[in-house]
Number of protein chains: 2
Amino acid sequence: MKLSTRGRYALRAMIDLVQNQYNNLMPISLRDISKRQEISRQYLEQLFNKLKKADLVKSTRGAGGGYLLAKEANKINAGDIIRAVEGPIVLADCILTGRKIKKSTPKKCNKVEDCAIRVLLELITQKINQTLDTTSLQDLGRITQNIKKEQKDER
Amino acid sequence: MKLSTRGRYALRAMIDLVQNQYNNLMPISLRDISKRQEISRQYLEQLFNKLKKADLVKSTRGAGGGYLLAKEANKINAGDIIRAVEGPIVLADCILTGRKIKKSTPKKCNKVEDCAIRVLLELITQKINQTLDTTSLQDLGRITQNIKKEQKDER
DNA sequence: TAAATAATATAATTTTTCAGTAAAGTCAAA
DNA sequence: TTTGACTTTACTGAAAAATTATATTATTTA
């Protein structure tokens, strides 16, 4: 049970965007994010594709172009970001499809025991989404800011 | 973000154990569980190895042998079972190790942005464990029982 | 006590997913 | 018209997960 790097990288990139924006006026290029976050440009491209489709960022092309937040940082939450790049959070396939367990051997989930497990997993999924949806990008930005400050003060 | 089959199978096997026990007197063989749950015997062996080490089941060898619950079903919870076969629930490696992100390229998690993400993931992990630890095997057994009953009534 | 049963332990194999890379193309602004 | 940036698709290698295989040891029962 892990959050894949896709989700983590997307969060990181979005936090980077908030931190480096000047009132969301100057587009930020993937090249810059790539450098700061040490994530390959091509990989970022994949992620921002999805972030854009989910209306979380907007882009301007050409020289001096790049990405901007599509909404205010307090209107974007962690759940939006993660679901944009990873799809909906599903702890077991039968929850979404209702049935299938595997792709290769599309066996039905016909064990009643599974249904009890499904009840449990659905409950957990709810809790996860609840937490993700009550944490805004602004929150994440502030936390980051505070950590940076602390690190500075220590020196 | 998925619960692996290991965890799901272990839950299923344990529910099977509760459902088919006669006051926990007659050991249940993996062969029977394997048949009922359609999980290969060898795979079950791996799982029960860990369940035993975690003191959730006890075993007797030889003919007529098999597994029994090591404690009462209301003293065993879903979290015990899942953690027994999957290890602790960790949504990102840096949470456990404090630092490392990957094994192969042991790069440090030196981005402050990650720390904000860690705060979020730790919160979620707490919630997950909370839910898992408040759902007993007895609960799961009852839910299963109810579902079986409903299915019967429908006919 | 031999045969059958069932757990224990480890190793090997297969399958699937993930992470990252590459390439070729499109579009917009300076 | 050229640069810089976004778009899209395909591919590859590595790691993790799932499954299978092979012995071995311990009990019971006929």
Side-chain angles (χ1 to χ4, degrees), chain A residues 1-10 12-13 17 26-35 37-54 56-68 70 82 85-87 90-93 100-107, chain B residues 1-10 12-13 17 26-35 37-53 57-68 70 82 85-87 90-93 100-107:
Chain A
M1 202 133 88
K2 283 261 166 62
L3 180 69
S4 73
T5 58
R6 269 218 299 288
R8 273 205 336 268
Y9 284 3
R12 233 164 82 180
L17 221 52
M26 207 168 60
I28 297 179
S29 73
L30 292 190
R31 202 164 60 90
D32 288 353
I33 298 180
S34 167
K35 236 184 258 170
Q37 300 298 332
E38 299 177 63
I39 304 171
S40 85
R41 219 195 67 252
Q42 287 129 324
Y43 203 38
L44 282 175
E45 276 164 7
Q46 287 179 25
L47 299 178
F48 274 82
N49 243 327
K50 301 192 173 186
L51 293 173
K52 194 180 174 184
K53 270 180 193 147
L56 302 179
V57 297
K58 55 189 175 183
S59 63
T60 49
R61 293 180 156 192
Y67 286 95
L68 290 173
I82 289 177
V85 298
E86 304 207 346
V90 176
L91 295 182
D93 289 334
K100 273 189 191 176
I101 284 202
K102 264 197 297 181
K103 279 176 198 162
S104 52
T105 53
K107 196 197 269 182
Chain B
M1 201 132 88
K2 285 259 166 64
L3 181 68
S4 74
T5 59
R6 269 216 301 286
R8 269 199 344 262
Y9 285 4
R12 236 165 79 181
L17 221 51
M26 206 168 61
I28 297 178
S29 72
L30 293 191
R31 202 164 59 89
D32 289 353
I33 299 180
S34 168
K35 238 184 257 169
Q37 300 298 332
E38 299 176 66
I39 303 170
S40 86
R41 222 195 64 251
Q42 291 121 322
Y43 202 38
L44 282 175
E45 277 163 6
Q46 290 178 24
L47 299 178
F48 274 82
N49 247 326
K50 299 193 175 187
L51 293 173
K52 193 180 174 186
K53 271 182 193 145
V57 297
K58 55 189 174 185
S59 65
T60 51
R61 291 181 159 192
Y67 287 94
L68 291 173
I82 290 178
V85 297
E86 305 207 346
V90 176
L91 294 183
D93 289 334
K100 273 190 193 177
I101 284 202
K102 266 196 294 182
K103 278 175 198 162
S104 53
T105 51
K107 197 197 267 182

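Every chain is numbered from 1, with letters handed out A, B, ... down the list of sequences.
- Proximity of B:Tyr9 to the phosphate of D:dT19: a side-chain N or O atom is located under 4.0 Å from OP1 or OP2.
- The CE atom of A:Met1 sits 13 Å away from the P atom of D:dA17 (whole-angstrom rounding).
- Between B:Asn49 and C:dA7 there is no side-chain N or O to OP1 or OP2 distance below 4.0 Å.
- Put simply, A:Ser40 has a side-chain N or O that comes within less than 4.0 Å of OP1 or OP2 on C:dT21.
- To the nearest 0.5 Å, the span separating CG on B:Asn49 from OG on B:Ser59 amounts to 9.5 Å.
- In this entry the distance linking NZ of A:Lys50 with P of D:dT9 reads 12 Å, nearest Å.
- Distance CG (A:Leu47) to C1' (C:dT21): 14 Å, rounded to an integer number of Å.
- Remark: B:Thr60 is not in phosphate contact with C:dA6, judged by side-chain N or O atoms under 4.0 Å from OP1 or OP2.
- Taking only side-chain nitrogens and oxygens, A:Ser59 never comes nearer than 4.0 Å to OP1 or OP2 of D:dC6.
- Legend: residues meeting side chain to side chain contact (heavy atoms under 4.5 Å, CB included) with B:Gln46, ordered by chain and number and at least two apart, are B:Tyr43.
- Here the P atom of nucleotide C:dT15 and the OH atom of B:Tyr43 are 15 Å apart, to the nearest Å.
- Going from atom NZ of A:Lys53 over to atom C1' of D:dC6 covers 12 Å, rounded to whole Å.
- Of all non-hydrogen atoms in A:Ala10 and A:Leu47, the two that sit nearest each other are N-CD1, 4.1 Å.
- Rounded to whole Å, atom C1' of C:dT17 lies 13 Å from atom CD of A:Glu86.
- With sequence neighbours left out, A:Thr60 forms a side chain to side chain contact (heavy atoms under 4.5 Å, CB included) with A:Pro27.
- Positionally, the nearest nucleotide of DNA chain C for B:Phe48 lies more toward the 5' end than for the other of B:Phe48 and A:Ser4.
- Between B:Arg31 and C:dT5 there is no side-chain N or O to OP1 or OP2 distance below 4.0 Å.
- In this structure B:Arg61 satisfies the salt bridge (charged side-chain N to carboxylate O under 4.0 Å, His left out) test with no other residue, sequence neighbours excluded.
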Here DNA chain D, pairs taken as Watson-Crick or G-U under 3.5 Å and shown with ( ), [ ] when crossing and | when to another strand, reads ||||||||||||||||||||||||||||||

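- Scanning for salt bridge (charged side-chain N to carboxylate O under 4.0 Å, His left out) contacts around B:Glu45 gives B:Arg41, with sequence neighbours left out.
- Closest approach of B:Leu44 and B:Ala13 over heavy atoms only: CD2-CB, 4.1 Å.
- When all heavy atoms are compared, the tightest approach of A:Tyr67 to A:Val57 is CD2-CG2, 3.8 Å.
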Its contact letters, B for base, S for sugar-phosphate only and - for none at protein heavy atoms under 4.0 Å, make nucleotides 22-30 of chain D read B--BBBS--

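- Heavy-atom minimum distance, A:Ile39 versus A:Arg12: CG1-NH2, 3.9 Å.
- Separating the CE atom in B:Met1 from the CE atom in A:Met1 is a distance of 7.5 Å, to the nearest 0.5 Å.
- Contact annotation: A:Lys52 side-chain N/O to D:dT7 OP1/OP2 distance is under 4.0 Å.
- One finds no side-chain N or O of A:Tyr67 lying less than 4.0 angstrom from the OP1 or OP2 phosphate oxygen of D:dA5.
- Rounded to an integer number of Å, the gap from CZ of B:Arg8 to P of D:dA17 is 14 Å.
- For the pair B:Gln46 CD and D:dA21 C1', the interatomic distance rounds to 11 Å; values are reported in whole Å.
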